[in-house]
Amino acid sequence: MTLLTFRFAPSPNGELHLGHAYSALLNQQMAARAGGRLLLRIEDIDIARCTPEFEAGIFHDLKWLGLGWEEPVRRQSEHFAEYRAVLDRLIVEELVYPGFMSRGEIRAFIAETGGRDWPRDPDGVPLYPSLDKALSMKERKRRIAENIPFAWRLDVEAATARMSGALSWFEFTDETMTATHTVEAKPQAWGDVIVARRDIPTSYHLAVVVDDALQGVSHVVRGQDLYAATGVQRLLQELLGLSPPRYFHHRLILGPDGRKLSKSLKDTGLAALRHAGMSPQDVRRLVGL
Ligand code: GLU
């Protein structure tokens with residue numbers, strides 16, 4: 001029998017907070033109950049915002065919490081060549097195109113077209129106007145050669161046209177993993193999402209599906225805030241021929257104001273709680289474990 005494989009995949013672009021603690025501890029608990037493996041993956045593709053100090057803080061906080069994981073830890077910034085190879089496949093298959101519009105240009109275009117009803121993605125960001133899709137190969141090459149900034153965007157229309165049937169994923173109904181239900185994936189909700197940057201040959205979505213498959217992750221346990229993103233990730237898995245894991249999107253730990261915790265909320269940071277005298281048991285209790 002193959003072992004079930006879980007992973008906790010934080011980004012070292014800030015300090016871990018109670019929400020991360022819940023996610024990490026829940027992964028640990030579910031892996032232990034299933035007699036499975038727990039991996040830790042450092043998602044540091046955003047080399048401008050991720051720092052070695054934040055990474056060291058993550059290791060420190062997780063050890064303090066009593067988390068154990070398999071070595072070696074995969075650090076995404078060390079695998080750009082692998083993501084580049086996958087991106088190249090998507091380019092050759094014409095499933096991505098270079099999008100040259102800056103945020104300001106997108107905003108201006110939408111305003112000009114009277115865009116009150118312009119569709120927005122599940123995070124509330126206006127969808128990318130897919131004008132650049134119509135650019136000729138020659139024009140694309142000219143702009144790239146002239147160093148005009150761009151990002152590789154998924155041609156979601158072309159991509160979904162490749163799918164033979166409905167796209168879905170298996171979602172556990174709770175952490176006991178006794179039942180799953182099928183969720184319909186809606187990648188179109190995100191429009192032509194960024195799959196890679198000009199200088200970084202991947203995005204969160206691409207790296208996460210490549211790594212989950214490469215590391216044999218069978219169970220993705222992560223926050224409810226990534227539920228809708230799973231739609232895009234399922235589409236990428238299909239395009240790349242990667243077999244999908246099962247998912248459990250857990251409840252989010254909210255702040256006293258009822259809002260999602262953010263990395264700038266210092267008072268719920270694990271380091272701050274530790275310095276205030278809290279124990280790992282206190283943290284468990286706070287997150288309801
Ligand atoms: N690196 C992502 C984050 O810190 C999590 C990715 C995932 O679990 O799929 O929000």
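None of the values given here were measured: they were computed from a predicted structure. Remember, it's 1-based here, ligands and their atoms both numbered in the order they're listed.
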In terms of relative ring orientation, are [X] and [Y] parallel, tilted or perpendicular, with 30° and 60° separating the classes?
X      : Y     : answer
Phe8   : His20 : perpendicular
His79  : Tyr83 : perpendicular
Tyr128 : Tyr97 : tilted

Run the ring-centre check on Trp69 versus Phe6 and record whether the distance is less than 6.0 Å.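 Distance test on ring centres: not under 6.0 Å, no.
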Is any N or O atom of His20, backbone or side chain, closer than 3.5 Å to an N or O atom of ligand 1?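 Between His20 and ligand 1 (N or O atoms, distance only) the closest approach is not under 3.5 Å.
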Before signing off on this row, confirm whether Ala9 and ligand 1 have an N or O atom pair separated by under 3.5 Å.
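Checking ligand 1 against Ala9, an N or O pair does fall under 3.5 Å apart.
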Interfacing atoms of ligand 1 (cut-off 4.0 Å, heavy-atom, [X]):
X      : value
Glu43  : 1 (N), 2 (C), 5 (C), 6 (C)
Arg222 : 7 (C), 8 (O), 9 (O)
Arg7   : 7 (C), 8 (O), 9 (O)
Val208 : 9 (O)
Tyr204 : 6 (C), 7 (C), 9 (O)

* Asked: For the residue pair Pro149 and Arg198, what are the closest heavy atoms and their distance?
  ->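 Closest pair (atom of Pro149, atom of Arg198, distance): CA-CZ, 3.8 Å.
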- Heavy atoms, side chains only, cut-off 4.5 Å: are His250 and Ser23 in contact?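 Of all side-chain heavy-atom pairs linking Ser23 with His250, at least one is under 4.5 Å.
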### Query
Does ligand 1 have an atom that lies less than 4.0 angstrom from a heavy atom of Phe8?
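In this structure, Phe8 fails to qualify as a contact of ligand 1 - no heavy atom is under 4.0 Å.
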